[in-house]
Amino acid sequence: MKEFEKQSLGIFPTPLHRLPNISRELGTNVWIKRDDLCGVALGGNKVRKLEYLLADAKKQGYDLVMTTGQAQSNHAMLTAACALRLGLDCILVLKKRGVTSCRGNQILNKLMGVEVRFVDTDSYDDIYEEMDRIGQELGRKVYKIPCGGSNALGTLGYVDCMKEIAEFGQHFDHIVCACGSGGTAAGTVLGAQMYLPDTHVMCSMVDNDPFDVIVPQLMKEAADLMGVKVPIPVPDLVEMWGPGYSIPSEEGNEAISMMMRLEGIVLDTCYTGKAFAGLIKRAREGSYGPDDHVLFVHTGGAAGLFAQDWNLL
Ligand SMILES: *Cc1c(COP(=O)(O)O)cnc(C)c1O
């Protein structure tokens, strides 16, 4: 198996622990993998991907990194935080749609002083073109990181996470994670196939891109990159986006409240609330027995919670 260089950015392994009150509430054993506590900004899944992506950027001699996402992108904020720490320049080229005031991740971007350019488009192709244009304007080579860091190399981040979980030593019957651009789901399903073959993975889709195609494609590319020959399973994807990407859902908000009230752990409206709502839904449908062990992967995102208007109850 081919190993790829990583730049050390996070504090790994992240904590993994049981949630006693949620376990009682849902009638099964619920555990949590705390990638929200990985040591950069407010934590989050993008750090594992960036350890590979930024190592690749440095190795290839780039000193300017660009990435994209929505205005509240956790990925963009974490890319900036990690790049700056490594002494790389960073420009965020974000989708302008829906931007009204400076909140959540934008506050963190502002505090870092990272350059943010908003583009008024719905198409990421327009944004990648804009990155090339800015690079030419500056006369510099640009290391472009795709939305969510979800390419084959970024996918290796969650393959590593599954290895970490295997090394923890507790058997898990189920793992549940969010699926937003696909890299985390792909790495989780592929990594489970490699290191946790008796564990079922469920991915809560928080937007309605064709993940039934995207996730297996990323798994295949990542497996090829590593030179690993494993069957590429059909991912178990559940629709949890509710009214739409980044729009809070009722089930998501219930999940956020439950996690905060019973365990004092912060989830967010865009990703982890909806992802955990998928776990609650399966538990209530009777998919998990009282002796099952179910692991929820907390992928971070707390800053997004504070970009929302809350007209709560
Ligand atoms: C990006 C993100 C996800 C989704 O991960 P993908 O690899 O993009 O599918 C989940 N949770 C949080 C908090 C994120 O920022």
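Both ligands and their constituent atoms are indexed starting at 1 by order of listing. Here, residue 1 is the first one in the sequence, and each next residue gets the next number.
- A salt bridge does not link Glu3 with Lys163: every distance from a Lys NZ or Arg NE/NH1/NH2 to an Asp or Glu carboxylate oxygen is 4.0 Å or more.
- The only member of Lys274, Met240, Glu254 that meets side chain to side chain contact (heavy atoms under 4.5 Å, CB included) when paired with Ser249 is Lys274.
- Between His75 and ligand 1, no N or O atom pair is found at a separation short of 3.5 Å.
- Ion pairing between a basic and an acidic side chain is recognised when a charged N comes within 4.0 Å of a carboxylate O; Glu129 and Arg133 show no such pairing.
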> Taking it one step at a time, do Tyr52 and Asn151 satisfy side chain to side chain donor-acceptor pair (under 3.5 Å)?
Replying inline: CA-CA 11 Å; Tyr52 282 106; Asn151 57 17; over 6 Å; no

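- Using a 4.0 Å cut-off to heavy atoms of Gly301, the atoms of ligand 1 that qualify are 13 (C).
- Listed by number with element, the atoms of ligand 1 under 4.0 angstrom from any heavy atom of Gly300 are 13 (C).
- Only the side chain of Lys49 comes within contact range of ligand 1, with a heavy atom under 4.0 Å; no backbone atom does.
- In this structure, of Thr155, Asn45, Leu78, the residue bringing a heavy atom nearest to atom 4 (C) of ligand 1 is Asn45.
- Ranking protein heavy atoms by distance to atom 9 (O) of ligand 1, first place goes to Gly180 N, 2.7 Å.
- Ranking protein heavy atoms by distance to atom 8 (O) of ligand 1, first place goes to Ser181 OG, 2.5 Å.
- Salt bridge annotation for Lys58-Glu5: absent, with no cationic side-chain nitrogen under 4.0 angstrom from a carboxylate oxygen.
- Atoms of ligand 1 found under 4.0 Å from any heavy atom of Ala178, numbered from 1 in the order shown, are 10 (C).
- With atom 10 (C) of ligand 1 as the reference point, the heavy atom nearest to it among Leu218, Val297, Thr299 is part of Thr299.
- Counting heavy atoms closer than 4.0 Å to ligand 1, residue Ser150 contributes side-chain atoms (C-beta onward) but none from N, CA, C or O.
- If you check the side chains of Tyr143 and Asp56, you find a donor sitting under 3.5 Å from an acceptor.
- For atom 2 (C) of ligand 1, the nearest non-hydrogen atom of the protein is Lys46 NZ, 2.4 Å.
- Below 3.5 Å of separation, one finds no N or O of Gly148 facing any N or O of ligand 1.
- The aromatic rings of Phe172 and Phe168 lie parallel to each other, their planes meeting at an angle below 30°, with 60° marking the opposite boundary.
- Of all the atoms in ligand 1, the ones that sit under 4.0 Å from a non-hydrogen atom of Asn74 are 13 (C), 14 (C), 15 (O).
- Between Arg48 and Asp160, none of the side-chain N atoms (NZ, or NE/NH1/NH2) sits under 4.0 Å from a carboxylate O, so this pair counts as no salt bridge.
- The proximity of Cys179 to ligand 1, defined as any non-hydrogen pair under 4.0 Å, is limited to the backbone.
- Counting heavy atoms from C-beta on, the side chains of Asp209 and Tyr245 never come closer than 4.5 Å.
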